[in-house]
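In what follows, chains are A, B, ... by sequence order, proteins preceding strands, each numbered from 1.
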Amino acid sequence: MVADDLLKDLNSGQQDVVRATDGPLLVLAGAGTGKTRCIIYRAAYLIATRKVRLENLLIVTFTNKAARELRQRLAETFGIFQKNLWVGTFHSLFSKILRFESEFLPVNSNYVIYDEKDQKNLVSQLYKTLNIDSKQYVPRVVRSIISNQKNSLIFPEHFWEFNKENPYTHEVYRIYKLYQAELIKRNAMDFDDILAYMAKLLDENPAVRSKWNKRFRYIMIDEYQDTNYAQFKIINYLAQEHQNLCVVGDDDQAIYTWRGATIKNILNFEYDYKNVKVIRLERNYRSHKNILALSNSLIQHNAARHEKELYTDLVSEEMPRLLALDNENEEAGYIAEKLNEYHKKCLWQDCAILYRTNAQSRVLEKILVQQKIPYQIYGEVNFFQRKEVKDVLCYLRLLVNHLDLESLNRALSLQKGVGKTTIAALIAEAELRKENPYKLVMGSELEFLKPRAAKMLKVFSSMMHNFTELSRQESIPDLLAAVLDETEIGAQFAIKNGRKSRKTKLTDPELISRQENLLELITGANEFNDEYLKLNDDPPSLTEYLNSATLQTDLDTAEDDADMVKLMTMHNAKGLEFEHVFIIGLEDGLLPHSRSIEEDLKDGTDAKIEEERRLLYVGITRAKKTLTMTLARWRRGIMGNDVTLPSRFIKDFDERFLNEERYDPYAYFTPSRPKRKPAVKIVKVVLESEKHYKIGQKIKHSEHGTGEILNVDGKGKNALLTVKFEDGKVKKIVGNYVELI
DNA sequence: TTTAGAGCATTTTTT
DNA sequence: ATGCTCTAAA
């Protein structure tokens, strides 16, 4: 495509963005103003018109999925060859650079990345050595303090200066110091280290800095409002010489300050760089008028923001709705009703239900299953964080990095006949000999252990030797299959040679879902392999696979072309759009979340509440055609609070943009508790995904012939099935007596 | 010394 | 409802 053609697809503001190729550029792009499009076209323009070489371009996105889509669209629309194109998240891009530059780091290029769970485990382990009480210093909290320090580029050696007065931080300081030393000893980096060390590297090595400066002559950053200090510094260093930095973001959509992101980055961009060009994109192409007007009326109540007003030409068909239901079940029921109504005119996948906390999906699931509405939950638990998956991967991690004590620990604990005492003895001995514990196990002399323990460890070491051998010859998926077989983890879940075993069938839904996850792990590895070969000449190394696995989120792996209603948190909805959006739980304590309310009270600010308001704003602006918001007057909460209060944000709305027929959320009569089931029989709700039998499946019965499952009551093979047979008869049959076909 | 099973606390959002 | 720790049995 030629440059002139390219520009005519864009409005004048977007054209300005594309043409302003040199110097610092701040694009304030409101929701739905075509910001992704801008980035893609700008990249294409740089390449096609300004003849910028692919490898001189750096584009940072917020998720891996966004990066993948950007790549694809560049390839499809502009025929831009994907190889050599640096598009990715901060973490994925910089973990790569750090591997390149590992000679300047305290770790080598095979370092493993510790995820949150690894971090927490490590923190807990240190308490014994440091003699610290884990009740007083909750590992979870300490981990997050450490994380915040790193995101602000405060290394252990500086920590003390900033926190002298506080006695609590004295202990945290001791933990942080040892934690960091231990990570390095294990040749590991945690999530935050990737940013922290990248910044440190660029700060301390002018030669390295200059090298990457020259390499990335043009830089674009998406979702700039959600970057933290470390990210700010990295970008600042990378753009130092050429200043060709384009950041795109919307301060009204900053929803990650709890993760260290600072809204200052976008608010102060004009002061951080000289001769900044600012372009505002305020024309919205996504939402119908009233939805946009409603969102504007809400966000205006925030004080700290760039003033802007979005507008659109899209005429509304329906008024946004806000209504109060009696309880959470009715809330879900109402949503289901509405979904069915919309489904007459649109696909399931055009509808999304958004909520504040993951737990809120439970009630929805129950109703959606009942009503047979297909749905898909995005990002509940990260796939690679599941226990069974981590169990398998720890062997690979160990192969790549012998120093990874966390993985060694995990692998040994999985070994039959090896327990805490043996592991402790091994590590103690290794310390004594000043040797790496893994090497010690893999060597032949284990005479310091009791014969029985030594024998068990021998089994482990010969297995690992075997894996080492296999890893040289086999592809990653094959290696995974081998690990599953040899460790007998596979057998536990009826998996053989990377496939479902024919002989044994699982009945326990818990096991079935784990089996599915493990099979998915192998499929995913295959996909990774293929994807990788598209961009590179050689197959991926184990390190690269593990790297991508740890940095992958559930969102990245999700299939989104399936025709199902989408359920997700508002955080996860960032960057997405849907025809019909439902937002549930507009209640104080939930949205804004009670934690945010408390923190603001403590600090005497509105910062957290404002962030929650932005979160709701993000939710609302996902909607194209219709918006439905609900609250329940009664909700069973974790905190035990039964009766709820409407969200304080409701009064921010300009009522002119809300449906008049709505129930008045403030009209509190007698909220009714959901009716309790009779106490005789405890009815357990089984999620559709856990069931062995699924509604709609075809089955065969020795006496009645073939039929279709109408309903499933209970989990596993013993579930009571309601089956409609071919002769029209409907019978209830226990699962064991039928065969799936 | 290991392991299994019971009892305990615990959930805001996630790269 | 899930994961973790503690206790008792093998």
Result block: side-chain N/O donor-acceptor pairs under 3.5 angstrom for residues 544-551 of chain A, not counting sequence neighbours:
unit_1	atom_1	unit_2	atom_2	d
A:Glu544	OE1	A:Tyr532	OH	3.0
A:Glu544	OE1	A:Ser541	N	3.0
A:Glu544	OE1	A:Ser541	OG	3.0
A:Glu544	OE2	A:Tyr532	OH	2.6
A:Asn547	ND2	A:Ser95	OG	3.2
A:Ser548	OG	A:Tyr545	O	3.4
A:Thr550	OG1	A:Leu546	O	2.5

Below 3.5 Å between N/O atoms, which protein atoms pair up with nucleotides 3-5 of chain B? Just atom names and distances, please.
unit_1	atom_1	unit_2	atom_2	d
B:dT3	OP1	A:Gly417	N	2.7

Q. Quick one: A:Lys117 NZ to B:dT10 P, roughly how many Å, whole number?
A. 16 Å
(Q) Can you tell me which residue among A:Arg259, A:Gln231, A:Lys574 is in a side-chain hydrogen bond (donor to acceptor under 3.5 Å, both in side chains) with A:Asp226? (A) A:Lys574
Q: Could you tell me which residues satisfy salt bridge (charged side-chain N to carboxylate O under 4.0 Å, His left out) with A:Lys35, sequence neighbours excluded, listed by chain and number?
A: A:Asp222, A:Glu223
Q | OP1 or OP2 of B:dT2 under 4.0 Å from side-chain N/O of A:Thr421 | A | yes
**Q.** Selected nucleotide, minimal atom distance to A:Glu599 side chain, candidates B:dT2, B:dT13, B:dT12
**A.** B:dT12
Q.
Classify the ring geometry of A:Trp212 against A:Phe100: parallel below 30°, tilted from 30° to 60°, perpendicular beyond 60°.
A. tilted
When the side chains of residues 354-361 of chain A are checked against the rest of the protein, which donor-acceptor pairs come out under 3.5 Å, sequence neighbours left out?
unit_1	atom_1	unit_2	atom_2	d
A:Tyr355	OH	A:Met568	N	3.4
A:Arg356	NH1	A:Glu612	OE1	2.8
A:Arg356	NH1	A:Glu612	OE2	2.6
A:Thr357	OG1	A:Gln360	OE1	3.3
A:Gln360	OE1	A:Arg356	N	3.1
A:Gln360	OE1	A:Thr357	N	2.9
A:Ser361	OG	A:Asn358	O	3.0

Q) For the side chain of A:Thr422, counting heavy atoms from C-beta on, which of B:dT13, B:dT2, C:dG3 is nearest? A) B:dT2
Q: Calculate the interatomic distance between A:Glu598 atom CD and B:dT11 atom C1'; express it in whole Å.
A: 14 Å
**Q.** Strand DNA chain C as a dot-bracket string - pairs counted if Watson-Crick or G-U with both distances under 3.5 Å, | where the partner lies in another strand
**A.** .|||||||||
Q: Would you kindly give the CZ-to-C1' distance between A:Arg143 and B:dT13, to the nearest whole Å?
A: 13 Å
(Q) Under 4.0 Å, counting only non-hydrogen atoms across every strand here, what does A:Phe62 touch: a base, just sugar-phosphate, or nothing? (A) sugar-phosphate
Q.
Under 4.0 Å from OP1 or OP2 of B:dT12: is there any side-chain N or O of A:Arg595 that close?
A. yes
Q) How long is the line joining NZ of A:Lys390 and C1' of C:dG3, in whole Å? A) 14 Å
Q.
Can you tell me if A:Asn358 touches the phosphate of B:dT12, counting only side-chain N or O atoms and a distance under 4.0 Å to OP1 or OP2?
A. no
Q: With sequence neighbours left out, write down each residue that passes side-chain hydrogen bond (donor to acceptor under 3.5 Å, both in side chains) with A:Thr621, or none if nothing qualifies.
A: none
Q.
Please give me every residue in residues 193-201 of chain A whose heavy atoms get under 4.0 Å of an atom in DNA chain B, ordered by residue number.
A. none
Q | Residues in salt bridge (charged side-chain N to carboxylate O under 4.0 Å, His left out) contact with A:Asp391, at least two apart in sequence or another chain | A | A:Lys387, A:Arg410
Q: Would you please confirm or rule out a distance under 4.0 Å between OP1 or OP2 of B:dT11 and any side-chain N or O of A:Arg140?
A: yes
Q) B:dT12 base stacked by A:His593? Criteria: ring centres under 5.5 Å, plane angle under 30°. A) yes
Q: Tell me, please, whether A:Tyr237 has A:Lys233 positioned over its six-membered ring: NZ or CZ under 6.0 Å from the ring centre and within 45 degrees of its axis?
A: yes
Q.
Return whichever of A:Arg452 or A:Ser596 has its heavy-atom-nearest nucleotide of DNA chain B closer to the 5' end.
A. A:Arg452
Q) Which residue pairs satisfy the salt bridge (charged side-chain N to carboxylate O under 4.0 Å, His left out) criterion with at least one member in residues 142-151 of chain A, sequence neighbours excluded? A) A:Glu116-A:Arg143, A:Lys150-A:Asp190, A:Lys150-A:Asp193
Q. Does B:dT14 have A:Tyr256 stacked on its base, where the ring centres are within less than 5.5 Å and the planes differ by under 30°?
A. no
Q.
In this structure, how many angstroms lie between the C1' atom of B:dT12 and the CG atom of A:Leu590, rounded?
A. 9 Å
Q) Out of B:dT15, C:dG3, B:dT2, which nucleotide sits closest to the side chain of A:His91? A) B:dT15
(Q) Rounding to an integer number of Å, can you tell me how far A:Tyr378 OH sits from B:dT14 P? (A) 14 Å
Q: Evaluate the ring planes of A:His91 and A:Phe191, with Trp represented by its six-membered ring, and classify them as parallel (under 30°), tilted (30 to 60°) or perpendicular (over 60°).
A: perpendicular
Q) For A:Val618, what residues pass the side-chain contact (heavy atoms from CB on, under 4.5 Å) criterion, not counting sequence neighbours? A) A:Gln253, A:Ile255, A:Arg622
Q: For B:dT11, take OP1 and OP2 only and decide whether either is under 4.0 Å from a side-chain N or O of A:Thr357.
A: no
Q.
Closest approach to the side chain of A:Glu116, judged atom by atom: which nucleotide of B:dT2, C:dC4, B:dT14 is it?
A. B:dT14
Q) Residues in salt bridge (charged side-chain N to carboxylate O under 4.0 Å, His left out) with A:Lys264, at least two apart? A) none
Q: Among B:dT2, C:dA1, B:dT15, find the nucleotide with the atom closest to the side chain of A:Arg362.
A: C:dA1
**Q.** Euclidean distance, atom CD of residue A:Gln360 to atom C1' of B:dT11 [Å, nearest integer]
**A.** 12 Å
(Q) Using the salt bridge (charged side-chain N to carboxylate O under 4.0 Å, His left out) criterion, which residues pair with A:Lys200? Sequence neighbours excluded. (A) A:Glu157, A:Glu204
**Q.** Nucleotide C:dC4, atom C1' - distance to CG of A:Asn121 in whole Å
**A.** 11 Å
